[in-house]
Amino acid sequence: MAKDLPTGYEPMTSVDAITAGLEGVGYISTKQISTAVFLAHGLRKPILIEGPAGVGKTDLAASLSRWLDLPLLRLQCYEGLDEGKALYEWKYGKQLLYTQILKEKLNEVIGDAGSLESSLGKLSTFEDLFFSEQFLESRPLLTAMKQEVGSVLLIDEIDKSDEEFEAFLLEVLSDYQVTVPEIGTISANVPPLVILTSNNVRELGDALKRRCLHLHIGFPDHARERRIVRARVDGLEEALLDQMVSFVQSVRDVDIKKRPSIAETVDWAKTLLLLHATALDETFVRDTLNVLLKHESDIAVIGPEVPKMLREAVAQKPGSRTASGYPDLG
Amino acid sequence: MERPLTNFIRALRSSEVRVSTGEALDAAHTLKLIGYADRSMLKDSLACVLAKSPEEKLTFDELFELYFSRQETSAQSEQDDADASDTSESQADASDLVDLMESGDESAISLALEKAAEAAGTDDIRFSTQVAYYAQQMVKKMGGEALQARLLEALQQGGQDGDAEAQRLIDVRRDVTMKARERAEKAFQVFGAGETQQFRDDYAAEKKLSAIDRSDMERMKRLIAKIAKRLAVKHSRRKRRRNRGQLDVRRTMRANAGFDGVPFNVIWRQKRKDKPKIVVVCDVSGSVAQYVRFLLLLLWSMKDVVPDMHAFAFSFRLGSVDEVLEQNDFETAMTKILREYGMGSTSYGQAWSDLKINHEQIIDRRTTLLVLGDARSNYGDPRMDLFREFAARAKRVIWLNPEGPGLWGTGDSVIPRYAPFCAQVTHVSTLKDLERAVDEILSAYN
């Protein structure tokens with residue numbers, strides 16, 4: 001694949017460069033994540049990211065596109081997704097409209113042909129016109145192949161798609177090309193950086209796994225989560241930030257239906273900020289627990305544990321006391 | 001490809017991490033890209049390329065530590081004295097060995113061990129029983145025989161000097177043997193452990209379920225979880241089977257309204273498929289209890305794929321055990337079930353009548369009625385009328401019998417009378433049989 005065209009991937013010179021670059025656009029990466037991205041570029045392979053919801057799988061693709069200043073093409077998968085919606089479709093309506101407009105012209109063309117056979121012959125030259133790029137509606141996959149300087153292609157929640165679609169995807173992902181029968185093969189000038197995400201709704205096929213690099217992103221550790229919140233929410237006090245992250249982390253240890261994700265931590269941090277809290281205390285936590293937990297039954301499980309968890313979260317940072325900074329909202 | 005990598009991949013493969021040729025090539029490219037220098041980066045990168053599920057990641061991590069910690073010394077040895085490697089071919093001198101062991105130079109000792117391990121082909125180790133053999137071979141390559149000869153000499157010589165010398169040689173010999181054993185043990189962990197595990201698993205899957213004892217339970221549990229997962233992967237995707245040939249006129253018209261009714265998108269009628277529903281009725285009398293344990297464990301591990309699953313147990317009276325299974329861990333649940341239903345003399349007739357009276361509604365046309373039992377009803381009325389009724393109402397009936405076909409119909413066995421109403425009567429005696437039976441049941445819904 002020799003080419004002199006500039007690609008948007010030049011900044012990805014090393015693992016550290018990737019970590020730094022991503023941090024520049026607000027994505028706190030880990031060594032594993034950056035290594036996977038580095039290899040994806042080096043080996044020209046898609047990355048399959050698995051892990052619980054809300055740990056930044058999709059966000060990685062978005063951040064890469066922001067950092068590299070490349071278009072982000074997103075394909076959201078669902079049951080019943082087919083080639084037509086993922087790859088390309090003919091603009092039937094437009095074709096139909098054109099036929100109407102061209103009707104008279106066609107009559108002229110056909111008019112001087114004597115027989116049905118010869119008029120069909122004349123019409124067949126028009127067929128090429130209808131099945132040309134002009135009438136081709138390109139969907140995310142084809143669009144990604146057509147980007148001159150490369151792109152970031154996000155295939156989100158691949159586990160929600162059908163088996164057939166997964167199989168169809170293999171071809172696109174290993175050769176980075178798409179065949180449109182009426183036109184020919186369109187191959188990517190610069191292969192896109194492909195990121196697939198999966199929430200493990202169903203087990204993916206071996207064939208797909210083999211073609212991808214595999215990355216598992218779990219919940220972040222204390223330090224990383226702290227940095228993520230800091231990057232997203234401005235103006236939160238250090239001590240409070242520590243306390244709330246510790247609290248969220250201990251909530252995750254409990255066996256509940258939906259463990260709070262990073263997105264929820266960030267939301268909670270914003271709530272704290274909005275309510276001008278300076279330290280966590282019990283009433284405050286209880287009143288805002290619904291920001292963190294999304295199931296009534298989970299709240300019921302965590303509720304009684306709050307005082308204990310809070311004590312532990314606060315105790316981790318000696319010196320900070322639970323002064324009630326929670327304003328009375330009536 | 002580089003040898004350390006191929007060997008590592010071999011180790012992975014023997015431990016159930018499936019590495020395709022393509023992935024092996026990717027790994028080689030990866031090495032070119034990042035090199036060996038940064039260990040943690042090497043680990044992250046190779047994990048990314050070679051391990052593709054959480055279980056594989058665990059195995060990978062374990063093997064990586066074992067393998068590459070050893071690799072470092074041997075890589076060093078190749079650089080240190082590439083030409084000296086042929087000395088390991090011929091047997092080293094005894095005095096060299098003694099000097100080496102007594103020098104206390106750890107790196108030199110481990111270097112010599114690596115060389116001996118290579119000469120003895122220790123990486124070919126497959127079973128833990130071979131550890132001693134390979135260790136012996138290593139000692140031999142390091143000059144063990146010459147040492148032995150000198151030891152004998154010293155013992156014959158006798159006297160204070162001779163005894164002291166002999167003691168010294170004995171110490172060295174013990175030392176070197178211990179180290180060689182350690183090294184061989186490590187090689188086994190990397191190259192053999194996985195394969196032994198595999199071998200034992202295969203053996204367990206074929207072993208008669210009635211012959212499995214307590215000590216094997218953990219292995220069986222793991223194995224059943226694996227089988228359940230395999231079946232789940234196979235059956236969780238509900239393939240949409242298109243029934244082409246029958247046009248759905250109404251939907252086609254609607255879909256093409258935008259094109260003036262010109263049918264660009266043609267929509268065909270699709271056959272609706274049934275969701276699997278399994279009602280399992282288990283005879284939990286003494287002779288069958290062991291089989292029930294495994295069948296229920298397997299079925300219950302598949303709850304995600306078949307949410308519509310109901311279990312009943314009986315020996316005399318029949319009752320639903322869904323709740324017990326849901327609320328307890330499996331072992332406790334099983335104990336409770338056996339305590340509650342395991343007593344009493346088996347009566348199939350009574351069981352059918354209980355099922356009819358209390359749970360009749362549970363059997364519908366989607367249901368596969370799965371019976372596990374030996375159909376030995378103590379000469380009671382088998383209530384063929386009720387069984388016939390269930391069979392007519394259900395999608396199909398499958399009977400799993402722990403007894404071999406040779407015994408069917410002998411004594412109080414009434415299986416031949418039930419058989420005509422079953423889609424299948426199968427003899428199950430191993431885990432493999434169970435897997436086949438469950439697979440067969442689920443396939444009927446695809």
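Just so it is clear: chains get the letters A, B, ... in the order the sequence lines come, proteins before strands, and each one is counted from 1.
Distance check: A:R44 CZ to B:D26 CG gives 13.0 Å after rounding to the nearest 0.5 Å. Distance check, rounded to the nearest 0.5 Å: CG of A:L39 to CG of B:D44 gives 9.5 Å. Residue B:S45 holds its OG atom at 10.0 Å from CD of A:Q32, rounded to the nearest 0.5 Å. A distance of 10.0 Å separates OG of A:S34 from CE of B:M41, quoted to the nearest 0.5 Å. Taking NE2 from A:H216 and CD from B:E56, the interatomic distance works out to 13.5 Å, rounded to the nearest 0.5 Å. Summarising the geometry, atom CZ belonging to B:R18 is positioned 4.0 Å from atom CG belonging to A:D206; distances are rounded to the nearest 0.5 Å.
Residue-environment remark: CZ (B:R251) stays at or below the threshold of 12 foreign heavy atoms within 6.0 Å. Residue A:Q76 places its CD atom among more than 12 non-hydrogen atoms of other residues, nucleotides or ligands, all under 6.0 Å distant. Other residues, nucleotides and ligands place no more than 12 heavy atoms under 6.0 Å from the CD atom of B:E323. For B:D329, the CG atom counts as densely surrounded, since its 6.0 Å shell holds more than 12 non-hydrogen atoms of other residues, nucleotides or ligands. Annotation for B:E326: atom CD counts as buried by contact number, over 12 foreign heavy atoms lying within 6.0 Å.
Here B:D38 pairs with A:K31 in a salt bridge; the nearest charged N to carboxylate O distance falls below 4.0 Å.
Residue B:L50 does not touch chain A at all, counting heavy-atom pairs closer than 4.5 Å. For chain A, no part of B:K43 is nearby; none of its heavy atoms comes within less than 4.5 Å. Contact annotation for B:K57: only side-chain heavy atoms (C-beta onward) come within less than 4.5 Å of a heavy atom of chain A.
Counting heavy atoms from C-beta outward, A:L43 and B:V49 have side chains that approach closer than 4.5 Å. Side-chain contact check for A:K209 versus B:S53: some heavy-atom pair is nearer than 4.5 Å.
Closest heavy-atom contact between A:H214 and B:K52: NE2-O, 3.2 Å. A pairwise comparison of heavy atoms in A:G42 and B:L33 identifies CA-CD2, 3.7 Å as the closest pair.
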